Visitor: 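Got a structure here, written out as structure tokens. Questions coming.
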Amino acid sequence: MASESIALRVHKSPLHVVYECVATADHKKIGLMYIVYALLFLVVMGIEAILMRIQLSHANATFLSPEVFNRLFTLHGTTGVFFVAMPILFGFGNYLVPLMIGARDMAFPRLNAFSFWMTAFGGFFLYASFFAGGGLSQAGSAPDVGWFAYAPLTSPTFSPGHSTDYWTLSLLLAGVGSIGAAVNFIATILCMRCPGMTLSRMPLLAWMNLVMGGLILVTISPLTAAQLMLMADRYIGGHFFDTAAGGSVVMWMHFFWIFGHPEVYVLIIPCFGFVSEIVPVFSRKAMFGYPAMVAASVSIGFVSLGVWAHHMFTVGMPSYGNAFFVLTTMVVAVPTGIKIFNWLATIWGGKIRFATPMLFCIGFLFQFLIAGLTGIMLATAPFDWQLSASYFVVAHFHYVIVGGILFTIFAGFYYWYPKITGRMLNETLGKWHFWIFLIGFHLTFDFMHIPGLLGMPRRVYTYEAGRGWETWNMISSIGAIFQAAGILIFVYNMIVSYFHGALAGNDPWDAWTLEWATTSPPPDYNFAGVPAVRSRRPLWDIKHPDDPDWKYE
Amino acid sequence: MVAALLSWATLPTFADARDGFFGPTNIFAPDSTPAHSIFRLSIFELEVEGAIFVVVFSLLAYAITKFRQRKNDDDSEPPQVYGSNQMELAWTVLPVLIVVVLFLTTAQVIHRVQDARRPPGTIEVTVVAHQFWWEFRYPQYGFVASNELHVPLSAPQLPTPTFLALQSADVDHSFWVPRLAGKTDLIPNHPNTMWIDPQETGLFLGQCSQYCGVQHAKMLQRVYVQSREEFNKWVHAQQQPAASDPAVASGSALFITKACFACHTVRGTIAAGIVGPDLTHLMSRDTIGSGAVPLTPENLRQWVHNPASFKPGSLMPAPDITEQELDQITAYLLTLR
Amino acid sequence: MSASPAVMAGNDTPWVLPSRGRVGMISLIIAESAIFMIFVAAYIFYIGKSLDGPTPRQVLKIPIFITVCLLSSSLTMHWAIATLRKGKTASFNVFWLITLVLGAIFLAGTGREWQHLIYQEGFTIQTNLFGTTYYSLVGLHASHVTAGLIGLTIVAILGLAGKIKREHSERCEVFALYWHFVDAVWVVVFTVVYIVGR
Ligand code: HEA
Ligand code: HEA
Ligand code: CUA
Ligand SMILES: [Cu+2]
């Protein structure tokens with residue numbers, strides 16, 4: 001049945017595998033390609049992080065030159081957002097959404113392949129700057145303007161050479177890829193559902209990918225527009241961000257954050273989907289308040305379009321402008337709170353099984369709570385005048401990105417790896433991974449808040465002794481080593497389990513959504529017959545014919 | 001109500017701990033009205049969020065310990081619950097109320113800090129940020145200083161706040177001296193203002209906090225808060241043209257022939273460059289290169305010899321001079337008090 | 001376990017889903033609108049902020065004729081689709097060709113305008129903020145017209161070769177959505193550039 005299964009692919013010649021990758025338009029293979037690509041860049045950006053942490057571990061360090069450090073955080077941030085988090089979520093979405101809605105493929109398979117390759121080239125292009133970014137003037141190598149690349153630092157005057165062009169073009173390529181992927185997700189979810197799969201019966205993960213797709217359409221596009229303007233400035237003498245010609249650099253900030261803020265929800269919303277799939281299964285209960293979860297996510301999507309300037313409280317907006325963005329930003333706490341409380345209520349009264357996917361989800365719940373609360377502190381404009389651009393912000397967003405997104409992604413790996421490969425990941429190694437990474441995460445990012453409160457700005461390649469920052473930075477750096485160790489265990493686990501893991505069977509977790517109704521790994525055509533559903537948990541209905549869900553929904 | 005909550009939130013400050021373990025740039029050791037307002041708001045905020053945190057954390061912790069699967073459990077599924085509108089309503093309305101309170105408190109502080117009026121006796125300073133150093137213009141007194149900002153004490157009975165007009169000569173920077181006020185960016189073509197009214201004399205540290213290029217890390221800030229008399233004395237000294245000492249004539253000539261004058265101003269000489277810091281009263285400062293190193297004769301000599309040895313990437317080039325010329329220029333610079 | 005899970009017992013409502021072509025195109029249009037919105041915002045923000053001339057009033061003439069052409073091309077496009085749905089391929093071809101010609105006139109008109117501005121007025125993207133925002137906004141729109149014209153041409157050739165049948169009306173309709181979008185954007189661009197900004 002599993003004629004094209006991954007397990008069998010091992011026996012094919014490497015050339016054949018490469019050919020399949022290049023030529024394929026199958027959603028599962030493209031999904032895997034996204035995931036492998038993103039993991040590769042996770043290691044790259046992690047190594048960049050480790051290098052930065054070594055430099056910052058003590059005062060007045062000389063391990064890295066300022067130029068190299070500045071390139072490292074620019075690439076670390078850009079890679080993390082565009083070439084780790086986005087592709088990994090696209091990968092899972094690609095793999096899972098058609099399976100979960102009972103479809104055979106994405107709506108536009110060739111567009112899907114195109115989108116992947118655009119994203120992939122974007123990433124490779126960014127790193128090509130190391131070799132070619134100097135340009136004819138031989139100034140600069142990799143881009144060093146920070147991941148939000150504030151004008152006028154990106155103007156030809158302050159960024160000679162081509163390094164900034166690599167950054168711009170790379171994000172332009174990846175942006176086109178993302179928009180293609182979003183179009184595909186939306187069309188797939190709206191138009192490819194199996195019979196009976198009404199919108200109100202869709203798995204939450206599919207819902208979240210729909211919201212993500214919608215958000216991408218309206219957020220990546222502004223970034224693309226802003227990049228076009230920057231290119232016009234750099235190549236054909238435009239003046240969009242040219243202060244000498246009366247241009248406004250604040251406009252870049254607005255355009256970037258009109259993209260940048262919703263972007264962070266683009267990243268977290270599919271992760272909410274993971275949690276909403278995994279927590280119910282391991283609590284053995286139906287998702288509590290499904291309609292509220294959907295409504296909350298959709299409203300997070302909408303509200304997030306109107307909060308961008310909370311990244312600009314220090315830019316000197318008028319007081320009423322600041323107040324407006326304080327309000328909109330804080331409003332996001334309400335739907336997000338609804339989500340937290342619904343997960344809590346799902347666990348409540350359940351029978352929790354602490355398998356590795358659930359452990360990571362529980363980590364997420366606690367950490368996201370804290371990260372959200374520090375977000376509200378930042379949203380308090382006057383408080384943000386102190387905290388902005390300090391290590392407190394760095395701690396806040398790693399708390400969401402690593403403590404939230406990365407944790408749920410790990411949960412997703414442990415949960416769906418059996419479906420994808422047909423073999424279980426090793427549970428013991430999984431628990432080691434969880435605990436070591438958890439310790440590392442908290443060492444690094446809990447203690448990183450403190451230097452922020454003590455006045456340490458971000459993006460400094462070194463700092464003076466005697467400011468009271470050394471201890472905290474040292475602890476953060478030690479934590480990063482633990483994180484690396486955790487990730488090494490994870491990578492090792494994935495490789496070993498691929499060959500020696502216990503066989504998974506169709507439905508190892510006793511779960512309820514459609515992807516568990518087919519074989520592991522699923523055949524090319526996903527389902528032998530077109531499935532049809534009557535409730536949100538079709539497999540529950542089968543397993544409990546006497547008490548099916550559709551009676552209650 | 002908001003005001004009551006605010007005043008209730010005024011805890012004994014952390015100020016006593018400020019120079020010890022917590023370092024000189026602790027945001028919880030405010031010493032000027034804007035920083036104080038922020039401090040009180042942040043304590044209030046921390047209390048509210050602390051409460052939310054404790055409640056939600058406890059509920060989560062309780063749930064995962066209470067509802068774990070036990071060894072002797074059978075395989076049956078727990079009762080399925082699909083939702084509850086009352087609960088959804090409850091946990092929507094409660095956060096809404098909290099948000100309203102937080103917003104109103106915040107808006108009040110924004111207004112108080114941002115829309116403050118200038119009392120008579122205000123000191124005006126125009127701050128111009130340059131890639132990796134600071135220029136301070138005192139239009140009321142008619143001179144320009146660099147890198148080290150001097151302001152008078154502002155006594156509560158007779159407030160003499162300092163209003164800073166913030167500008168940039170090149171890219172974005174940010175002015176941040178945590179114990180005096182929150183940060184405000186200096187952006188080309190986008191003038192900003194902020195104000196401070198320090199209540200205690202002494203040295204306050206900070207640093208540029210908007211990434212501005214290679215040496216963003218060493219664009220440090222030093223604010224000297226002085227009693228009115230000392231401030232006046234300092235102003236008077238700064239208003240004088242540069243000392244001219246015939247003993248260092250060779251050095252002052254080299255300053256011109258080696259092109260230093262193209263970038264630096266020394267008032268009273270033909271040097272009127274604006275690319276680098278004003279050097280008229282160089283020796284009245286404690287540091288070189290906006291806080292990069294202490295200003296000692298050895299460091300000064302080393303700086304002129306090769307600025308990159310202290311501040312790689314700084315926009316001052318190493319001049320092409322011999323050791324002897326270096327000594328002469330240094331000797332000259334040392335007379336610029 | 002069987003690979004086909006829950007059977008839809010007792011549920012005989014027909015299962016209809018939206019067309020993916022249309023959903024895909026609408027999504028793309030939303031993304032494109034966001035791009036245009038940013039350029040329009042930049043244009044509006046910079047109205048009157050150029051440090052030196054020329055000003056829009058000095059160099060821009062209101063392009064009434066080509067605007068009428070472009071807007072009427074939406075109408076002919078609409079008729080083309082309507083006739084195709086009825087299976088009248090010949091009149092489809094006629095309407096389609098008129099659409100193509102009207103679009104081409106519009107593009108040529110923009111080209112003439114630019115040629116005049118660049119060679120007679122010496123006004124380029126580098127001149128001032130107005131030049132930068134004007135050329136980029138109008139140019140962005142023109143590039144969409146160009147893309148549309150390429151699509152129109154391909155369909156026109158297929159149509160003349162007799163390859164477009166009634167069953168293709170769905171696809172042509174999806175393409176028509178794009179063309180209507182390009183027209184609608186022009187209404188915005190026209191208002192902003194030639195009325196508000198002038
Ligand atoms: C996935 C990523 C993610 C997510 C989900 C968030 C979520 C939030 N973020 Fe964060 N943020 C980032 C990623 C993210 N952020 C990044 C990357 C940056 C920095 C970019 C850069 O500068 O490089 C940043 C920066 C950033 C800033 C700018 C700081 C600065 O530079 O000065 C602000 C300011 O308002 C902010 C606020 C918030 C808020 C209010 C939320 C809210 O969504 C949080 C809502 C959640 C909760 C509040 C918890 C749960 C709710 C309850 C339990 C209900 C009860 C609670 C209340 C009533 C308060 N974030
Ligand atoms: C997806 C997003 C993402 C992720 C996952 C991370 C993960 C991490 N980040 Fe990152 N970070 C950003 C996004 C992200 N970050 C962004 C957007 C910025 C802002 C950039 C800017 O200012 O422009 C930033 C900035 C940033 C800074 C601030 C730099 C500065 O302002 O000067 C720091 C400093 O400590 C840091 C550290 C870390 C660490 C220690 C991790 C760790 O969690 C990483 C753990 C992972 C690994 C360690 C990889 C695993 C490695 C192996 C398996 C191989 C083992 C190899 C060795 C140890 C040699 N990050
Ligand atoms: Cu100036 Cu950073
Ligand atoms: Cu944000």
Side-chain angles (χ1 to χ4, degrees), chain A residues 65-67 70 146 150 152-153 158 243 248-250 284-286 288-290 292 314-316 319 322-323 326-327 330-331 333-334 337-338 341 344-345 347-353 362 365-366 369 373 376-377 380-383 385-386 388-389 453-455 457 459-462 467-468 552, chain B residues 21-27 38 41-42 45 49 52-53 56 59-60 63-64 67-69 73 77-78 80-83 87-88 91-92 95-96 99 102-103 106-107 109-111 113-115 171-172 174 178 182-185 187-190 192 207 209-211 213-217 312-313:
Chain A
S65 74
E67 290 88 351
N70 295 347
Y150 273 1
L153 207 54
F158 299 107
T243 46
S248 160
V249 297
V250 177
R284 308 309 303 159
K285 276 183 67 209
F288 189 93
Y290 173 101
T314 62
V315 164
S319 52
N322 281 332
V326 169
L327 181 61
M330 286 186 173
V331 164
V334 177
I338 294 177
F341 294 125
L344 174 63
I347 297 176
W348 205 274
K351 270 190 189 170
I352 308 171
R353 297 190 314 213
I362 290 173
L365 289 177
F366 285 106
L369 170 68
L373 293 177
I376 298 296
M377 294 180 200
T380 310
F383 205 178
W385 295 333
Q386 290 286 20
S388 183
L453 298 173
L454 299 183
R459 296 172 162 181
V460 291
Y461 74 94
T462 191
R467 295 281 185 106
Y552 305 99
Chain B
F21 194 53
F22 290 113
T25 47
N26 182 359
I27 68 168
I38 296 174
L41 176 67
S42 59
E45 171 114 34
E49 296 197 356
I52 299 175
F53 173 72
V56 182
L59 287 173
L60 276 170
I64 61 171
F67 301 110
R68 60 201 318 158
Q69 191 178 35
D73 275 359
E77 304 279 22
Q80 301 295 303
V81 185
Y82 297 89
M87 311 263 296
E88 302 287 351
W91 60 53
T92 309
V96 166
V99 164
L102 283 180
F103 167 68
T106 307
V109 177
I110 294 179
H111 174 68
V113 174
Q114 265 195 291
D115 302 336
V171 300
D172 308 337
S174 195
K183 62 180 73 63
T184 310
D185 293 357
I187 301 168
N189 245 1
H190 183 92
N192 277 333
Q207 74 188 77
S209 54
Q210 181 64 270
Y211 176 64
V214 187
Q215 270 302 350
H216 162 62

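Remember, it's a predicted structure, so these values are computed and weren't measured experimentally. We name chains A, B, ... by the order of the sequence lines, and we start the count at 1 in each one.
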Visitor: Could you look at D172(B) and say if it's the side chain, the backbone, both or neither that has a heavy atom under 4.5 Å from chain A?
Guide: both

Visitor: Taking side chain as C-beta onward, heavy atoms only, is V81(B) less than 4.5 Å from F288(A)?
Guide: yes

Visitor: Is it the backbone or the side chain of V113(B) that comes under 4.5 Å from a heavy atom of chain A, or both, or neither?
Guide: side chain

Visitor: Are L454(A) and N26(B) close enough, and set up right, to give a side chain to side chain contact (heavy atoms under 4.5 Å, CB included), and what steps lead you there?
Guide: CA-CA 4 Å; L454(A) 299 183; N26(B) 182 359; 3.7 Å; yes

Visitor: Need one label for E49(B): side chain, backbone, both or neither, based on atoms under 4.5 Å from any heavy atom in chain A.
Guide: both

Visitor: Could you tell me whether the side chain of S65(A) reaches within less than 4.5 Å of the side chain of P312(B), counting heavy atoms only?
Guide: no

Visitor: Is there side-chain contact between T243(A) and H190(B), with heavy atoms separated by less than 4.5 Å?
Guide: no

Visitor: Ring pair (Phe, Tyr, Trp, His ring centres under 6.0 Å) with F158(A): which residues, sequence neighbours excluded?
Guide: none

Visitor: Just how far is it from atom CD1 of I347(A) to atom CZ of R68(B), taken to the nearest 0.5 Å?
Guide: 12.0 Å

Visitor: Sequence neighbours excluded, which residues qualify as ring pair (Phe, Tyr, Trp, His ring centres under 6.0 Å) partners of Y211(B)?
Guide: F73(A), H216(B)

Visitor: With a 4.5 Å cut-off on side-chain heavy atoms, are F366(A) and I64(B) touching?
Guide: yes

Visitor: I'd like to check W348(A) versus F67(B) (side-chain heavy atoms, cut-off strictly below 4.5 Å). Are they in contact?
Guide: yes

Visitor: Given heavy-atom pairs under 4.5 angstrom as the criterion, report whether the side chain, backbone, both or neither of I187(B) touches chain A.
Guide: side chain

Visitor: Using 0.5 Å steps for rounding, measure from the CG atom of L453(A) to the CD1 atom of I27(B).
Guide: 5.0 Å

Visitor: In Å, rounded to the nearest 0.5 Å, how long is the span from CG of L41(B) to CE of M377(A)?
Guide: 11.5 Å

Visitor: Mind checking the CD1-CE spacing from I338(A) to M87(B)? Nearest 0.5 Å is all I need.
Guide: 12.5 Å

Visitor: Where do V99(B) and V331(A) come nearest, in terms of heavy atoms and distance?
Guide: CG1-N, 4.4 Å

